Number of protein chains: 2
Amino acid sequence: MTDGPEGAPRRPRLSRELVLHAALRLVDEQGLEALTMRRLGQELGRDPMALYRYATNRAALLDGVAELVLAQLVISADTPDWQEQLRRAAHQFRQLALAHPNVVPLIVTRPLATPLALRPIGTLRPLEQMLELLIAAGYPPVRALHLYRSYWGLLHGHVLNELQEVVVDPEATDALLRLGLDRLPPEEFPRLRGLAKALLAGYDGAAALDESLDLLLNGLQAVEQQAPAPGSRRRRAAPPARR
Amino acid sequence: MTDGPEGAPRRPRLSRELVLHAALRLVDEQGLEALTMRRLGQELGRDPMALYRYATNRAALLDGVAELVLAQLVISADTPDWQEQLRRAAHQFRQLALAHPNVVPLIVTRPLATPLALRPIGTLRPLEQMLELLIAAGYPPVRALHLYRSYWGLLHGHVLNELQEVVVDPEATDALLRLGLDRLPPEEFPRLRGLAKALLAGYDGAAALDESLDLLLNGLQAVEQQAPAPGSRRRRAAPPARR
DNA sequence: ACCTGAACACCGTTCAAGT
DNA sequence: ACCTGAACACCGTTCAAGT
């Protein structure tokens, strides 16, 4: 830690944290494919082989980056209003995705490669916290698990949707979009072409996320009313703050 | 088929279709990272450089593979019951995902790299068809677009969820899962550890998808009832065939 | 004009050789 | 015992040299 009294400059002692933060920076700034052992080593002023002390693999490096972002998500269970808590976590997740768009493919995709119990611990913590939250709200554990899956699927689906709307150069959007649409045969794509204006208008991601959450929470409530209700105060699911 | 009267064996004339089908097979059988220009060339008995006639890029190859799968999805608009149609398309999409799990990362991820109007045409066709379907059902075009996004996000979220549950070796699942769960500190992960049985029990993907669709369609109906309704017959959104 | 394949500038990872 | 870096077996893509 003391970095060595007269250690070479720009060569702080490595650590897993330091390596992963450098990896995240590389991904944020230059995209996923810029994250190679060799470039990361160079970024840190080390022999690329040194990195294998902190990640057994390039795959482990990717997992680590995803974990670094996901671990910032906190779902606290010690709150009276669990629905509001889910809503806040959802918007927090959305902000993380917008802040690290290049990491989103990792977040949604890496779990496909690893059985749940073997995933990086930082990605399991939000799951545990959400289970705790829902169980504290009165849901039986198995039902809490199901609800967690719906919620998580919703979040993944949403950010994938929203990030598709982001265009690198908003200046060129108009021309680019029209160019692209003009490429489509009019007789086969009348509807899509007709929606050019709406597509250009873009997408209010926060509002769309709230709408999806409304659906989920309202749907839950509907189910509760005709089935054994999961305790906790009965409360409208509609969000308090709409735009 | 005829393979050329006396063409060299194993060297049928190339075409974009043939190249992409070979690429898909490679991905299905050996995973995404097995799809390289060189291995694909070898698979086809050609110089890898020959492939550049049919795909300008490895990225274009990836897009082509995703398109090949997605283009199998058909949303026909000429049916009386549009909700049932959405439901069928959703299950069709699920089946495609299960049939080509290695392609799913491409399907959910590649659109992030390309503006909508410039995507492979085969991936835009389902969008156009769904817009047609919803507009025929009475939705204003812009609303149809929003609904499409929710629906699409739901599908992506669902298959990502479901594919996480697939375990390569179901024989070893039990041991592996317990091993993994035991790795987690009990005091920090009591809920997750307590759900071991439920996690082992697996996941009824078709049922979960239907539940999500119920939520979406019921939620839609709820909105309609308090806003200008989108024409078309009023009908319960609950699915006809449940398990 | 078209096609081929040598060459370039990279990769991840292993492992022998050094200390 | 630890670390280093040479070496291996790959990559995608360019482009000059052939036809």
Side-chain angles (χ1 to χ4, degrees), chain A residues 1 3-4 6-16 18-20 22-27 29-67 102-103 105-106 109-110 112-114 120, chain B residues 4 7-8 10-16 18-20 22-27 29-67 102-103 105-106 109-110 112-114 120:
Chain A
M1 17 228 88
D3 168 329
E6 62 288 316
R10 321 206 5 60
R11 293 188 101 249
R13 167 179 257 96
L14 283 192
S15 70
R16 182 172 156 82
L18 211 147
V19 168
L20 290 182
L24 176 57
R25 190 158 35 81
L26 213 43
V27 172
E29 290 173 4
Q30 318 200 37
L32 265 184
E33 71 277 22
L35 179 52
T36 68
M37 305 305 268
R38 287 161 130 104
R39 287 191 56 177
L40 184 54
Q42 168 179 322
E43 202 78 12
L44 290 163
R46 304 305 171 100
D47 187 296
M49 291 305 103
L51 303 177
Y52 283 85
R53 309 219 103 237
Y54 306 98
T56 61
N57 248 347
R58 186 172 118 92
L61 213 53
L62 295 176
D63 280 331
V65 169
E67 183 185 15
N102 295 336
V103 182
L106 295 181
T109 268
R110 291 298 307 163
L112 302 180
T114 326
Chain B
R10 327 213 349 70
R11 293 189 102 248
R13 167 180 256 94
L14 284 191
S15 69
R16 182 173 156 82
L18 211 147
V19 168
L20 290 182
L24 175 57
R25 189 158 35 81
L26 213 44
V27 172
E29 290 172 5
Q30 318 200 35
L32 266 184
E33 71 277 23
L35 178 53
T36 69
M37 305 305 269
R38 286 161 132 105
R39 288 192 53 180
L40 184 53
Q42 168 180 321
E43 203 77 14
L44 291 163
R46 304 307 169 98
D47 187 296
M49 291 305 103
L51 302 177
Y52 284 86
R53 309 219 103 238
Y54 306 98
T56 61
N57 249 346
R58 186 172 118 94
L61 213 53
L62 297 176
D63 280 331
V65 169
E67 182 185 14
N102 295 336
V103 182
L106 294 181
T109 268
R110 291 298 309 162
L112 301 180
T114 325

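Note on naming: letters A, B, ... go to the chains in the order of the sequence lines (proteins, then strands), and numbering restarts at 1 for each one. Bear in mind the structure is a predicted one, so any value in this text is a computation, not a measurement.
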Engineer: Can you tell me how far P of C/dT4 sits from CG of B/L14, to the nearest Å?
Structural biologist: 10 Å

Engineer: Out of curiosity, A/L51 CG to A/L14 CG, how far, rounded to the nearest 0.5 Å?
Structural biologist: 7.0 Å

Engineer: If you compare all heavy atoms of A/L40 against all heavy atoms of A/A23, which two are closest, and at what distance to 0.1 Å?
Structural biologist: CD1-N, 3.7 Å

Engineer: Find the distance B/L44:CG to C/dT4:P and express it as a whole number of Å.
Structural biologist: 14 Å

Engineer: For the pair made of CE in A/M37 and P in D/dC11, what is the distance, rounded to whole Å?
Structural biologist: 19 Å

Engineer: Between the protein and nucleotides 5-7 of chain C, which nitrogen or oxygen pairs come in under 3.5 angstrom?
Structural biologist:
residue	atom	partner	partner atom	Å
C/dG5	OP2	B/D47	OD2	3.3

Engineer: Can you measure A/E33 atom CD to C/dC11 atom C1' for me and round it to whole angstrom units?
Structural biologist: 13 Å

Engineer: Check the distance between C/dC11's C1' and A/Q30's CD and give it to me in whole angstrom.
Structural biologist: 16 Å

Engineer: Working to the nearest 0.5 angstrom, can you tell me the gap between A/Q42 CD and A/M37 CE?
Structural biologist: 14.0 Å

Engineer: Would you say A/N57 places a side-chain N or O within less than 4.0 Å of OP1 or OP2 belonging to C/dG12?
Structural biologist: no

Engineer: For DNA chain C, list all stems, counting runs of three or more consecutive pairs where every pair is Watson-Crick or G-U wobble with both distances under 3.5 Å.
Structural biologist: C:4-8 with D:12-16, C:12-16 with D:4-8

Engineer: Hey, could you give me the CG/CG distance between A/N57 and A/D63, rounded to the nearest 0.5 Å?
Structural biologist: 9.0 Å

Engineer: Just how far, in rounded Å, is C1' of D/dC3 from CZ of A/R46?
Structural biologist: 12 Å

Engineer: So, is B/R53 close to the C/dC3 phosphate, meaning a side-chain N or O under 4.0 Å from OP1 or OP2?
Structural biologist: yes

Engineer: Calculate the interatomic distance between A/L51 atom CG and D/dT4 atom C1'; express it in whole Å.
Structural biologist: 13 Å

Engineer: For nucleotides C/dT13 and D/dT13, find the distance between their C1' atoms and express it as a whole number of Å.
Structural biologist: 23 Å

Engineer: Do B/R58 and A/E33 meet the salt-bridge criterion of a basic N to acidic O distance under 4.0 Å?
Structural biologist: no

Engineer: Under the 3.5 angstrom rule, does the side chain of B/R16 hit a backbone N or O of B/Y54 as a donor-acceptor pair?
Structural biologist: yes

Engineer: Rounding to the closest angstrom, what is the interatomic distance between D/dG18 and C/dC8 at atom P?
Structural biologist: 16 Å

Engineer: Whole angstroms only, please: what is the CZ-C1' distance between B/R39 and D/dG12?
Structural biologist: 15 Å

Engineer: Between CG of B/L24 and CD of B/E67, what distance do you get to the nearest 0.5 Å?
Structural biologist: 12.0 Å

Engineer: Calculate, to the nearest 0.5 Å, the distance between atoms CG and OG1 belonging to A/L26 and A/T36 respectively.
Structural biologist: 7.0 Å

Engineer: Inspect the contact between A/E29 and A/R39 and indicate whether a charged nitrogen and a carboxylate oxygen are less than 4.0 angstrom apart.
Structural biologist: no

